[in-house]
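Report on the following structure.
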Amino acid sequence: MTTHAPQAGQAVTLPTTLDEAVAALAAMPAAVPVAGGTDLMAAVNSGQLRPAALVGLGRISEIRGWQYQDGHALLGAGLTHARMGRPDFAALIPALAAAARAAGPPHIRNAGTLGGNIASAAPTGDALPVLAALEATLIVAGPGGARREIPVSHLLAGVEILRAGELIGYVRVPLLHAPQVFLKATGRTGPGRAVASVALVLDPARRGVRCAVGAIAPMPLRPLDAEHWVGRLIDWDNNRAIVPEALNAFGEYVAAACIPDPAPAEDGSVPHLPPAVLHLRRTVAVLARRALGRALS
């Protein structure tokens, strides 16, 4: 997990159950949980972080798989990107599998976990917009065997999801049995790192479209008005047909909602967006248009 050995005197605990891990965190308030370590150990190796103690989560087998539960998939927070990218998982939740396969080079996908992606809440985390579009729910483990559920929408609102001594144990994802798409644009900021990403899922039961845009803000953005608008234009009874002009308009609608024009100045003039921001808005528009087109095709 790291090129550096633990510091002298640094406690390293390796629990084998979720409740043991929570108990270890309660016993050592200064301890930091670590699973794949792709973010934490980068901070340790660069000298930005020196945790007094570590609680390793790699031996907790109960959070490294998934199961079916009342029309949902209950995903363990310890699932790696590599595991989620495999064909059997892709048949279950295609958009999350696509995001996992795009999460970076092989060593990152082999180590990085779903729970770590959520807990670190990095703007470029590929899983976050998918979970937002799927309207997933987090199951958090606390002291004394306590469990509580938190909608991913709380993340979008900037709510602090974890209290002291808590861990993300599972993610409950609705199984929509409908097309799902994840697309992202990358730049020169690092291997596989998103400049912008779009997750889009169809919800035929509600005759709706759910979309989330990642990487352009601290948390994924849900363009709800654009979702409702395009949902009414799809002919759900005729092979989900839609006119091509609506696809283009949807892309522009999503991009403008996520990257709006500047407010007018006091003198009434309207400032222009900088060229780099305009380029980003065009990128989001293209991703949203392509994602909807692929989902409906």
Could you report the tightest heavy-atom contact between [X] and [Y], atom names first, then the distance?
X	Y	answer
Pro262	Pro271	CG-O, 3.5 Å
Val22	Ala141	CG2-O, 3.8 Å
Ala194	Lys184	CB-CD, 3.8 Å

Inset, instruction - Would you kindly say whether Ser269 and Asp267 are connected by a side-chain donor-acceptor distance under 3.5 Å? - result: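 Judged by distance alone, the side chains do pair up.
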
Inset, instruction - Determine whether the aromatic ring centres of Tyr170 and Trp66 lie less than 6.0 Å apart. - result: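 No.
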
Legend entry - Separation between CG of Leu134 and NE2 of His72, rounded to the nearest 0.5 Å: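 So the gap between those two atoms works out to 10.5 Å.
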
Inset, instruction - Working to the nearest 0.5 Å, report the span between CG of Leu57 and CD1 of Ile60. - result: 4.5 Å

List the atom pairs, with distances to 0.1 Å, where a side-chain N or O of residues 100-110 and a protein N or O form a donor-acceptor pair under 3.5 Å, not counting sequence neighbours.
from	atom 1	to	atom 2	distance (Å)
Arg101	NH1	Gly85	O	3.1
Arg109	NH1	Gly104	O	2.4
Asn110	ND2	Pro106	O	3.2

Inset, instruction - Answer yes or no: is there a donor N or O on one side and an acceptor on the other, between the side chain of Arg222 and the main chain of Ala132, under 3.5 Å? - result: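 It does hold such a pair.
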
Inset, instruction - Would you check if the side chain of Asp235 reaches a backbone N or O of Asn238 as a donor-acceptor pair within less than 3.5 Å? - result: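 Side chain of Asp235 to backbone of Asn238: a pair is present.
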
Inset, instruction - Could you tell me whether Asp19 and Arg147 make a salt bridge, using a distance below 4.0 angstrom between a side-chain N and a carboxylate O? - result: yes

Inset, instruction - Output yes when Arg206 and Glu227 qualify as a salt bridge under the 4.0 Å nitrogen-oxygen rule, no when they do not. - result: no

Donor-acceptor pairs are to be reported for all side-chain atoms of residues 282-292 against protein atoms at under 3.5 Å, with residues two or more places apart or in another chain.
from	atom 1	to	atom 2	distance (Å)
Thr283	OG1	His279	O	2.9
Arg289	NE	Asn248	OD1	3.4

Inset, instruction - Before giving the answer on side chain to side chain contact (heavy atoms under 4.5 Å, CB included), spell out for Arg207 and Arg232 the whole-Å C-alpha distance, their side-chain angles and the decisive distance to 0.1 Å. - result: CA-CA 8 Å; Arg207 299 194 168 209; Arg232 293 192 295 268; over 6 Å; no

